Amino acid sequence: MAERITDIGPPHYGKFLSPVIKENYGKWVSHEIIEPGILKHVAESGAEIYSVRVASPRILTTLQARDICEVADKYCGGYLRFTSRHNFELLVSDKAKLEPLKAELAKRGMPKGGTGHSITNIVHTQGWIHCHTPAIDASGVVKSVMDDLFEYFGSHRLPAQVRISLACCLNMCGAVHCSDIAILGVHRTPPKVNHDRLRHLCEIPTTISACPTGAIRPHPDKSLKSVTVNEERCMYCGNCYTMCPAMPLFDPKKGGVALLVGGKVSNAKSPPMFSRLAVPWIPNNPPRWPEVVQTIRKILIKYAEGANKYERVAEWIERIGWEKFFEVCDIPFTYQHIDDYKWAYDTYRTSMHFKF
Amino acid sequence: MAERITDIGPPHYGKFLSPVIKENYGKWVSHEIIEPGILKHVAESGAEIYSVRVASPRILTTLQARDICEVADKYCGGYLRFTSRHNFELLVSDKAKLEPLKAELAKRGMPKGGTGHSITNIVHTQGWIHCHTPAIDASGVVKSVMDDLFEYFGSHRLPAQVRISLACCLNMCGAVHCSDIAILGVHRTPPKVNHDRLRHLCEIPTTISACPTGAIRPHPDKSLKSVTVNEERCMYCGNCYTMCPAMPLFDPKKGGVALLVGGKVSNAKSPPMFSRLAVPWIPNNPPRWPEVVQTIRKILIKYAEGANKYERVAEWIERIGWEKFFEVCDIPFTYQHIDDYKWAYDTYRTSMHFKF
Amino acid sequence: MHKTPLLDQLESGPYPSFVKDLKRLAAKKPQVNDLLGQLERSYKEKITHWKHGGIVGVLGYGSGIIGRYSDLPDEFPGLEHFHTMRINHPSGWFYTTQAIREVCDIWDQYGSGILNMHGATGDLVLLGTTTDNLEPCFQALAHKGWDIGGSGSAMRSPSCCVGPARCEWAMFDTLEACYECTQHFQFDLHRPSFPYKYKLKFSGCPNDCVAAVARADQSHIGVWRDDIKIDQSAVKAYDGGELKPRGGATPYAKLDVKADVVDLCPTGCMSWDGKTLKIDNKNCNHCMHCINMMPQALKPGSERGVTILMGSHAPILEGAQMSWVIVPFMEVEPPFDNIKELTERIIEWWAENGKNRERVGELILRLGMRTFLEAVGLPPVPQSVIRPRANPFFYWKQEDFDAEAAGKKYYTTK
Amino acid sequence: MHKTPLLDQLESGPYPSFVKDLKRLAAKKPQVNDLLGQLERSYKEKITHWKHGGIVGVLGYGSGIIGRYSDLPDEFPGLEHFHTMRINHPSGWFYTTQAIREVCDIWDQYGSGILNMHGATGDLVLLGTTTDNLEPCFQALAHKGWDIGGSGSAMRSPSCCVGPARCEWAMFDTLEACYECTQHFQFDLHRPSFPYKYKLKFSGCPNDCVAAVARADQSHIGVWRDDIKIDQSAVKAYDGGELKPRGGATPYAKLDVKADVVDLCPTGCMSWDGKTLKIDNKNCNHCMHCINMMPQALKPGSERGVTILMGSHAPILEGAQMSWVIVPFMEVEPPFDNIKELTERIIEWWAENGKNRERVGELILRLGMRTFLEAVGLPPVPQSVIRPRANPFFYWKQEDFDAEAAGKKYYTTK
Ligand code: SRM
Ligand code: SRM
Ligand code: SRM
Ligand code: SRM
Ligand code: SF4
Ligand code: SF4
Ligand code: SF4
Ligand code: SF4
Ligand code: SF4
Ligand code: SF4
Ligand code: SF4
Ligand code: SF4
């Protein structure tokens, strides 16, 4: 067998750049989106590169990956990239190949889009496909929502970009905490302690200190070498389960989806903002999560109707006020919406600036 | 001796209202400030009341109080009031009496003003005249600052109202935490524990729990029945001294003045805001605190030059950015300015929205 | 007379001098002479010479007196005892000269003759007397209709803006509300039994001239919820320069209705085409700006009430807080029973749950808004928050699950 | 083949279906068939069927592999082991088809044939293999030039935006910076010895296309500090409608330079009289808005560098944080030694002081910015804060008093 290799790091990206990109690296002067899904970048030299952005469910089999490679070989000299939101981009240097490429994508059911004022791919996580803590599936919810909002993927109809993200538990893998619309899997039961397993699998001090609210205490029966949970103080974050497998907190009926809205990442106009709780709970309804899909559509439509030109979801809500957001979207305001965690005070309205 | 009376509460204000006010109570329709210091209110009935606002050092002897009464008798039928910022107002129902009243006030050295876009009276506290925890005097600083800014008391020259307040220690009696400019007496030494006195005067658990940073611990030598202070964790709030007289934290050289700026109370345009640290320390220099006086003047002048019409200090700074405030006012930015208390995170700049 | 070279420097200058005034009295009152002497020492040494306050009071009351002793009693014997008496002021700080003179007469007899008009909480503060004089002074005052104000862990003397007595914007009767509540809570004002201090303030409108939002555990601020009343011809008069901006309060000769009013409206809900001023009242947030600028043209609507905000206090211990909205709108009228009842429920909950020296706002933060709202019987409303929570750490109760079982949905009201 | 009636409903609809794709592979790979079977069970029971992860890995590395075992191994034997391998992706996620095919070949041989292109941190995720296959798979990949990415309490695979490879706004070479740092921290990436995870991300400009501000412990964002370059004739072309707003990204036919650009500038530092666009660059805050709207007319200035922000992470435990400014401006160029050195200093301090599972941002909050800044040798700058502190609770050190003795003043620089 060959020599064992370690610590080489990833390949240098330079190996994977197409000639046009290599030659004009750092020398691009401007871009245009010639139609939804197709970017044109022009370099100082006058050189052009066309990037055709294509939807991906992110989870790909090698079969699908090879299919994509086939297309890339045919139209892009074998050069392609993936985006920070898991679309892929076919990097076309020969403009003449654009039309045939579009036709081939259409034939293969590979939709282009995700540029400009669209809804691009939903950043998401593992869900029931590969994780041990999810309250919901990831890929299935994404598919359901994107099918429903498909008209917005391949078009530029919205007042601004709308970025949707999903995380299947409170660990929030992905940047869902700063998304226009965040879909979040939530548990709603305290962990059930399995004392037998705990004794063998977990360190008690680590388990106790994992709890941000101090809900976990050593079990009064010392012989058990286990812990108890003060259920009143538990807000189901699952951090104890991360540290100790003997504390699962799954419940098929109580788990579900929360929606948070009004986050953003870019500094464009307004600074980055956190997404904030819009709907604390929607039932977990596979395979197509109809209530989640409908609620997102409702929020999106109200946003599209109500926002000014170029206004992100966050900017729209901040302008009209959250009380109006709840009103126009017909979402009840509940105790859950009022922050009671560590920095709660900063969300309280210390002014008369509210609307009736 | 007469029957002992308790729990009668204050007199009903109705007894003290002048006839015009009584008749038009709740029926005022508008006001005008006919000149700095003189308000004219008009009622539905057409009735008018003129209020002449006069500066007061708040601390008054009965001699001075009687002088004020003399004036009020002469021009106001004996009706007067004090304001929420400790000026007094002579309530004139006969317009003809205004000019003679003005002349008399001038003669007596009782300056009128404090209305509209002025600097009105400085809300302040006891200082060395009557409190046990002050780092600075109150009345003397107020006198020094107001003498210097006197031109702004009797005029409407500023872009908006400017409210200055003073508190002589971190207890912050008065609303100094929401003032355009707040003058704050600060200690800068940890308490020196007098073990002998502590044993007799203080409850150890209460003393320990008084400390917001947990700097106080039981003394390791249990026989002392006292406490020690972890000086690194002490931020000189004086709360332990409030609870336990055996822990004074006075130091003539290290005590001094901090200035906080950009607070406001009203909801006009912008919501109420906290004052924020501008200068962490200025030496304590009685009797006229020249460095304090000069620094306040500098801030005020820069504000007057830089603010838009109708812009409060807070609004001006928020518009230009705090980094620019420090630049234009030539105030060095220090570690002390960066919050490290409980809600520090919310003051950090989580964006690229800054200026160089 | 003590020599006061440092203090003497505060006699000059155009602003009224407390030193000048005190010196006048020092000639007659030895304790005032001593006060100046000790103050001079403080000016020289840059340190206070008052000892940590002791507990003194009048019969049956636990509050209203601040004990104060000099740490240099030998040098300044007049200051050996130098207690403060807080006298509950009348609503709106209205007086007749007769009333003031009566107080002065009593204070000349029993005390130093030094007053604060007024203390930062609002009391008429009588500064400096001996333990012996407290009770007779109190009774002399009581026989003239005065009572002692609050201190310690008690209800504090409520205060209010001038309101309907002389302001066109008072959305409710601040003076009567203040008076009624003061009377109602007399027992708690005089007998400290709360976890800490409790302050009530009443401002007639969102201009908040009594700084209620910044320094009252329970802040009451007047508000309207219908449409701002517009006198279009007066608007034109402002635009034309016939009426001065802000009633003459400014250095500016003329109001630019577009630039100074419409463009500065924080919600952008106004428009002005040079002829008609329009307000989209559903989106107005009652900031008062436009009304402040054009007091002759605009008036608050007529559906009026108070907003109740809770929790403000100075920075000890958790950092300063401002009050936040708890009840966005409450109709009120004398004798203000609904305010009193709500206040009682709140205090009861706080008294039961608060730690020693924990302000009500800190308690609400510690136990959470839901616990508070449920305990005092108030619904959650979006007006309480400027934004909903960003973290996903929220609680559910069995009653929520029961409500869901009964059909409650969180994503639609239908 | 397992029956999957619920999953089958996800085959229809216009968006690409992962079910359809997996089913294709299931025909060839029994473990993929089992994956669909177990997933169907999860859909029916609304619960995950993966056990709590175990620790598995390749020789000498402590990270990069996520151990995963089914809790129904009897029913779905292909999932008894189903570990993830995180493969460190190339900067900017650029590939050739050849490279992808090589990975696919290896993964078909050693694993399930399921990939994530890519994981949320950026890795090329290989989803599902057995413990036995980890090492041979790793070495096969290594011989094709690939290495494993981060997991656990380690440096995580850094990532970056497309930057200079295809974007006109890249203020620095994000791809090379990402590559250089990845290589530099190989040891820490593979051998978890930090208190918790540490993420680096690089965005070329404030648009932040890699969401660095939201999810990197250390975020690098490109910035300029001189003047925005204006092509006035192009501005006119936008105003005239010859050039489309935002390069055609919008539903709007024409840009209104006044309303859509100047009036939406957050600092109000622009003006447009219909002929000339002016920018008061001293007051510009680099929000990118005007440049985004008129990419042909405006360009960032030429004095370029990075802003370093620190501290972002997801909500566990203290609530989510975004990164905040630590170094407003740093000139950088390959091999980015100044970034590497600063990163090392920061990690050293964190490693020494951080508790187990405490992100660096949480540690800075716990110990205070001063402690952090002094430890890593950075000065306090107002750009770090959006506002200074409101509370009066601040510390002084002996060195401050020494500086004062030497003449330092806080109220003037003079
Ligand atoms: C390809 C990609 C970078 C990459 O390395 O992969 C990218 C590429 C571009 N971004 Fe981006 N952005 C990409 C993710 C992002 C993200 C990250 C995210 O969504 O998670 C953001 C932050 C989003 C947020 O704020 O929540 C982002 C915020 C922007 C913005 C600011 C938009 C705004 O107004 O807030 C611009 C400027 C613009 O669109 O005018 C921008 C502009 C651009 C430009 C025009 C830059 C250029 O000149 O080439 C590129 C095409 C934009 C388009 O598609 O309309 N890009 N861009 C990413 C494509 C993701 C996708 O597949 O959809
Ligand atoms: C007399 C007094 C109430 C009282 O019960 O004693 C009072 C009286 C008036 N206030 Fe006030 N305010 C009084 C303290 C306050 C305070 C409290 C404070 O400063 O501690 C505030 C909040 C200040 C803050 O925001 O920091 C206050 C914020 C206002 C505002 C909002 C100003 C702004 O733009 O922020 C107005 C509206 C205006 O001026 O146009 C206002 C308006 C008024 C009007 C015009 C109301 C009216 O129609 O009569 C009165 C004359 C204003 C003037 O002097 O220019 N009053 N006013 C107080 C006089 C204090 C003094 O002696 O100087
Ligand atoms: C006299 C007065 C200052 C003045 O010169 O006007 C005053 C004086 C004292 N205050 Fe105050 N406070 C006075 C209004 C305030 C206010 C303003 C207000 O009520 O609107 C505040 C801020 C608002 C608030 O309640 O938070 C205030 C916040 C404090 C605090 C900090 C409370 C906190 O939660 O942060 C303390 C410390 C304490 O209670 O132990 C304090 C404590 C004190 C003590 C009793 C000192 C102590 O440590 O025990 C002072 C006695 C001085 C003396 O010898 O007379 N004083 N104090 C004010 C009361 C006069 C009156 O009754 O009208
Ligand atoms: C695979 C991935 C999600 C995905 O589908 O893409 C993922 C999957 C897991 N994450 Fe994550 N995280 C992934 C990116 C993220 C991100 C996004 C990012 O890096 O940009 C975040 C938010 C940013 C951050 O770091 O805070 C993230 C925040 C977490 C957290 C919460 C950390 C916190 O400070 O709040 C945990 C909990 C933990 O570490 O114990 C976690 C833990 C986990 C674990 C290891 C579960 C656990 O409890 O141990 C998940 C393993 C799933 C599996 O079986 O494969 N994951 N995780 C992402 C990594 C793939 C890759 O390497 O590219
Ligand atoms: S969000 Fe939670 S459940 Fe989903 S992949 Fe991350 S850790 Fe797993
Ligand atoms: S789920 Fe979270 S809050 Fe509940 S016990 Fe576990 S760690 Fe504590
Ligand atoms: S601010 Fe401090 S020193 Fe001044 S009166 Fe209040 S408690 Fe006393
Ligand atoms: S002064 Fe404040 S921080 Fe210092 S020991 Fe006393 S209570 Fe603690
Ligand atoms: S708060 Fe409003 S009602 Fe009261 S005095 Fe001020 S402006 Fe008038
Ligand atoms: S009160 Fe304020 S928000 Fe309402 S219309 Fe007037 S300026 Fe606008
Ligand atoms: S972050 Fe800036 S430089 Fe990087 S791709 Fe996005 S727009 Fe271009
Ligand atoms: S980058 Fe932003 S702040 Fe700067 S001029 Fe353009 S729009 Fe204004």
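No experiment lies behind these values; they were computed from the predicted model shown.
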side-chain hydrogen bond (donor to acceptor under 3.5 Å, both in side chains) between B:His132 and C:Arg68, worked out
CA-CA 8 Å; B:His132 57 189; C:Arg68 194 58 80 224; 3.3 Å; yes

Considering only heavy atoms, which portion of [X] lies under 4.5 Å from any heavy atom of chain C: side chain, backbone, both, or neither?
{"X": "B:Glu44", "answer": "neither"}
{"X": "B:Ile49", "answer": "side chain"}
{"X": "B:Tyr310", "answer": "both"}
{"X": "B:Asp339", "answer": "neither"}
{"X": "B:Tyr241", "answer": "both"}
{"X": "B:Leu91", "answer": "side chain"}
{"X": "B:Lys309", "answer": "both"}
{"X": "B:Pro271", "answer": "neither"}
{"X": "B:His41", "answer": "side chain"}
{"X": "B:His177", "answer": "side chain"}
{"X": "B:Leu158", "answer": "backbone"}
{"X": "B:Arg58", "answer": "both"}
{"X": "B:Thr83", "answer": "backbone"}
{"X": "B:Asn284", "answer": "both"}

ask   = Which answer fits C:Val162, side chain, backbone, both or neither, if we ask what part of it has an atom under 4.5 Å from a heavy atom of chain B?
value =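 Both backbone and side chain.
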
Is C:Tyr61 in contact with chain B via its backbone, its side chain, both, or neither, using a 4.5 Å heavy-atom distance?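 For C:Tyr61, the contact with chain B is made by the side chain alone.
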
Are any non-hydrogen side-chain atoms of [X] and [Y] less than 4.5 angstrom apart?
{"X": "C:Val125", "Y": "C:Leu115", "result": "no"}
{"X": "B:Glu311", "Y": "B:Lys269", "result": "no"}
{"X": "B:Asn285", "Y": "C:Lys46", "result": "yes"}
{"X": "C:Pro16", "Y": "B:Met110", "result": "no"}

Most heavy-atom pairs under 4.5 angstrom with chain C, which of B:Asp251, B:Ile33, B:Thr61, B:Val142?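 Looking at each of B:Asp251, B:Ile33, B:Thr61, B:Val142 in turn, B:Thr61 comes out on top.
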
Parallel, tilted or perpendicular: ring planes of [X] versus [Y], cut at 30 and 60 degrees:
{"X": "C:Phe82", "Y": "C:Trp50", "answer": "parallel"}
{"X": "B:Phe16", "Y": "C:Trp146", "answer": "parallel"}
{"X": "C:His118", "Y": "C:Trp93", "answer": "tilted"}

Practice task
For B:Ser266, enumerate each residue passing the side-chain contact (heavy atoms from CB on, under 4.5 Å) test, keeping only those at least two apart in sequence or located in another chain.
Solution key: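 Scan of B:Ser266 (side-chain contact (heavy atoms from CB on, under 4.5 Å), adjacent residues dropped) gives B:Lys264, B:Ala268, B:Arg312.
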
Out of [options], return the one with the most heavy atom pairs under 4.5 angstrom to chain B.
{"options": "C:Thr121, C:Asn116, C:Asp208", "value": "C:Asn116"}
{"options": "C:Ile66, C:Leu124, C:Asp8, C:Asp105", "value": "C:Asp105"}
{"options": "C:Gly319, C:Gly92, C:Ala170", "value": "C:Gly92"}
{"options": "C:Leu25, C:Thr182, C:Asn292", "value": "C:Leu25"}

Practice problem: Begin with the C-alpha distance, continue with both residues' side-chain angles, and end with the deciding distance and a verdict on side-chain contact (heavy atoms from CB on, under 4.5 Å) for B:Met146 and B:Lys143. | Solution: CA-CA 5 Å; B:Met146 284 309 281; B:Lys143 165 79 174 142; over 6 Å; no

C:Thr48 side chain to B:Cys131 main-chain N or O, any donor-acceptor pair under 3.5 Å?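 Indeed, once roles are kept as given, a pair shorter than 3.5 Å links the two residues.
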
### Task
Take B:His130 and C:Thr84 through the side-chain hydrogen bond (donor to acceptor under 3.5 Å, both in side chains) test and state the conclusion after the steps.
CA-CA 8 Å; B:His130 205 262; C:Thr84 278; 3.2 Å; yes

